[in-house]
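Here the structure comes first, spelled out in structure tokens, and everything after it is commentary.
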Amino acid sequence: MLRIITLCLFLLNLLSANLLQEAIDNAPEGSILKLPKGVYKGSIIINKPLSIIGKEDGVIIDGGGTGTVVQITSSYVTLKNLTITGSGDRHDLLDSAIKINNSKQSEISDCTIKDSLFGIDITMTSNSIFSNNYITSKNLELGVRGDGLRLWYSNDNIVSNNKLVKSRDMVIWYSHGNTIENNYGEQNRYSLHFMHAGKNIVKNNTYKLNSVGIFFMYTKDTIATGNTVQSSLGATGMGIGLKDVSNMTLKDNTIIYCAQGIYIDRSPYEPDTKNWLEDNKILYNSEAIHFHSVSENNVIKSNTILGNIEDIINDSRGSKTDLNEISGNYWDNYEGFDKNADNIGDTPHKVYQYADQLWVYNSNVKFFYGSPVIALLNFLAKLAPFTQPVFLMSDKAPKLKM
């Protein structure tokens, strides 16, 4: 039976001792430490199965601006309803609010993390839960903030309902079988970044006003569904990016108001594999789908492609975007008819790239994207092209209605 220990700390300003660390050291394994409202000295280490729970709001563990505030080196540890603040600022030491290493079946939930370089740093941890946390970094320039939440060689975890604001990245690297769901990210760099990760599920997350929404890199066997990426910032602000990705499913996502909706770079990467982009809403972006390098064998079907300045961009001369399987999408730029009223266009929807589109290869010209001058040049290029346009793709069965 768990022993419940209630800490009553009356000498909160006592600098000569860390009473919380003493309580942890003296508690038997499996104890629950219920903390009343107050400020507790940080730089604590939890090296045994233990729970630390705030009895009420206002339970603060303060690192005093040095090192990592809470370090966990055991399995079966729970932190709940705490405010953790004041880590150090050293990137080389990964100064964090919470650092958890070599753990399993642990939980960090309902915590507020602020004024910390890195938020939750998770290494070699499995079958654990990280949920309902609010995470923000130190008040630094974007590139020198720490990551809000990072999984490193950590598998089969649930990361859900967290809110990351003004941190750097949320990172899933060398980590497999995780579920990332119902999280919110705003004013970060990469709101969610995968690298060398597989068999993860990414669903129902919302990312706004970041440099990049979701980026998959050297990733395979992953499903991303029901996510919303809005207003990725900057001239190259990206909704969802795929680089060297195989056997990937993007389904039922909404990508809106970004410079690049979906970015595809050398994907699928592995031979004899495909990626599936289905039932997504790609709306009001500068570029709906941007191809870079040779990217063939993607299945792109039943998507709604509406209100974008350009439907398809290929910035790599010689790559063959037409070797992707593209069918059954709704294109608001489709100019055909549907005489038999079966909601399928009578003629294919074909996309060409004209030599006049200098901004495809010259990033400086993108400053004028969407301007009346560019719109006029685009119209004239289609009306009377100076050179033979490059065929990009054909949707053989375009939908007439969304």
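This one's a predicted model, so the numbers in the text were calculated from it and none came from an experiment. The residues of the chain are indexed from 1 along the displayed sequence.
Judged as a ring-ring contact (aromatic ring centres under 6.0 Å, His included), and not counting sequence neighbours, the contacts of F194 are F216. For S128, the side-chain contact (heavy atoms from CB on, under 4.5 Å) criterion is met by S106, T125, F130, N157, not counting sequence neighbours. Annotation: side-chain contact (heavy atoms from CB on, under 4.5 Å) contacts of Y76 (sequence neighbours excluded): P49, K104, Q105. Looking at residues two or more places apart in sequence or on another chain, you find a salt bridge (Lys or Arg N to Asp or Glu O under 4.0 Å) between D169 and R189. Under the salt bridge (Lys or Arg N to Asp or Glu O under 4.0 Å) criterion, E278 pairs with K251, K301, sequence neighbours left out. Y257 meets the side-chain contact (heavy atoms from CB on, under 4.5 Å) test with Q230, S231, Y284; sequence neighbours excluded. By the side-chain contact (heavy atoms from CB on, under 4.5 Å) test, S167 pairs with S137, L164, N188, sequence neighbours left out. Residues satisfying the salt bridge (Lys or Arg N to Asp or Glu O under 4.0 Å) criterion with K274, sequence neighbours excluded, are E325. Under the rule for a ring-ring contact (aromatic ring centres under 6.0 Å, His included), the partners of Y263 that lie at least two apart in sequence or sit in another chain are H290. Take Y218 and apply the ring-ring contact (aromatic ring centres under 6.0 Å, His included) test, not counting sequence neighbours, and it matches H196. In this view, R145 satisfies the side-chain hydrogen bond (donor to acceptor under 3.5 Å, both in side chains) rule with no residue, not counting sequence neighbours.
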Checklist entry - Could you walk me through whether N127 and D156 pass the side chain to side chain donor-acceptor pair (under 3.5 Å) check? => result CA-CA 5 Å; N127 300 107; D156 304 313; 4.7 Å; no
Checklist entry - Could you walk me through whether N247 and W276 pass the side-chain contact (heavy atoms from CB on, under 4.5 Å) check? => result CA-CA 8 Å; N247 197 29; W276 288 266; 3.2 Å; yes
Item to check | Residues N162, I120; criterion side-chain contact (heavy atoms from CB on, under 4.5 Å); working and verdict | outcome: CA-CA 11 Å; N162 300 285; I120 306 177; 5.6 Å; no
Checklist entry - After noting the C-alpha distance and the side-chain angles of L192 and I172, does the key distance pass the side-chain contact (heavy atoms from CB on, under 4.5 Å) rule? => result CA-CA 8 Å; L192 183 56; I172 316 293; 3.9 Å; yes
Next on the checklist: Checking V229 against N205 for the side-chain contact (heavy atoms from CB on, under 4.5 Å) test, could you report, in this order, the C-alpha distance in whole Å, the side-chain angles of both residues, the deciding distance, and whether it holds?
Outcome noted: CA-CA 8 Å; V229 181; N205 302 284; over 6 Å; no
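If you take CD on Q260 and CD on E287, they are separated by 5.0 Å, rounding to the nearest 0.5 Å. To the nearest 0.5 angstrom, K138 atom NZ is 4.0 Å from D115 atom CG. Remark: W152 CH2 to T123 OG1 distance equals 8.5 Å, nearest 0.5 Å. Once rounded to the nearest 0.5 Å, the distance linking CG of L242 with OH of Y269 reads 15.5 Å. Rounding to the nearest 0.5 angstrom, the gap separating the CD1 atom in I52 from the CD1 atom in I84 is 8.5 Å. The structure places CG of N275 at 7.5 Å from CG of L250, a figure rounded to the nearest 0.5 Å.
Residues D315 and H292 have side chains that bring a donor and an acceptor to within less than 3.5 angstrom of each other. Residues N253 and N280 have side chains that bring a donor and an acceptor to within less than 3.5 angstrom of each other. Of the N and O atoms on the side chains of W331 and D395, at least one donor lies less than 3.5 Å from an acceptor on the other residue. For S191 and N210, the side-chain atoms include at least one donor-acceptor pair closer than 3.5 Å.
Counting all heavy atoms, side chain and backbone alike, M170 lies closest to N183 at CE-ND2, 4.5 Å. Heavy-atom minimum distance, L283 versus T254: CD1-CG2, 4.5 Å. When all heavy atoms are compared, the tightest approach of D244 to S267 is N-OG, 3.0 Å. What you find for L117 and V144 is that their closest heavy atoms are CD1-O, 3.7 Å. Nearest approach of S103 to S75, heavy atoms of both residues: OG-CA, 3.4 Å. Here the shortest heavy-atom pairing between S232 and S211 reads CB-O, 3.7 Å.
Residues T225 and T249 form no side-chain contact, since every pair of their non-hydrogen atoms from C-beta on lies 4.5 Å or further apart. The shortest side-chain heavy-atom distance between L209 and L233 falls under the 4.5 Å cut-off. Looking at heavy atoms from C-beta onward, L392 lies out of side-chain contact with D311 at the 4.5 angstrom threshold. Looking at heavy atoms from C-beta onward, N81 lies out of side-chain contact with V59 at the 4.5 angstrom threshold. Proximity of L19 to Y40: side-chain heavy atoms (C-beta onward) are nowhere separated by under 4.5 Å.
Listed by first then second residue, pairs satisfying side-chain hydrogen bond (donor to acceptor under 3.5 Å, both in side chains) with a partner in residues 338-350 read Y334-T347, N340-D342, not counting sequence neighbours.
Between K48 and E29 no salt bridge is recorded (no basic side-chain N to carboxylate O distance below 4.0 Å).
For the pair S87 (side chain) and S116 (backbone), a donor-acceptor distance under 3.5 Å is absent. Panel note: side chain N132, backbone D110; no donor-acceptor pair is recorded below 3.5 Å. In this structure a side-chain-to-backbone donor-acceptor pair under 3.5 Å is missing from N298 to L277. Put simply, the side chain of N308 gets close to the backbone of I282: a donor and an acceptor are under 3.5 Å apart. Using a distance-only test at 3.5 Å, with no hydrogens or angles considered, no donor-acceptor pair links the side chain of S131 to the main chain of S109. Under a 3.5 Å cut-off, the side chain of T85 and the backbone N or O of K114 do form a donor-acceptor pair. Judged by distance alone, with hydrogens and angles left aside, the side-chain atoms of N155 form a donor-acceptor pair with the main-chain N or O of H176 at under 3.5 Å. Between the side chain of K41 and the backbone N or O of Q21 there is no donor-acceptor pair closer than 3.5 Å. When atom types are taken as modelled, the side chain of T68 and the backbone of K99 share no donor-acceptor pair closer than 3.5 angstrom. N329 places a side-chain N or O within donor-acceptor distance of the main-chain N or O of I300, the cut-off being under 3.5 Å.
Annotation for M217: atom CE counts as buried by contact number, over 12 foreign heavy atoms lying within 6.0 Å. Shown here is K220, whose NZ atom has no more than 12 heavy atoms of other residues, nucleotides or ligands within 6.0 Å.
The aromatic rings of Y190 and F215 lie perpendicular to each other, with more than 60° between the two planes, well past the 30° mark.
Annotation: cation-pi pair K399/Y330 absent, no NZ/CZ under 6.0 Å from the ring centroid and within 45° of its normal.
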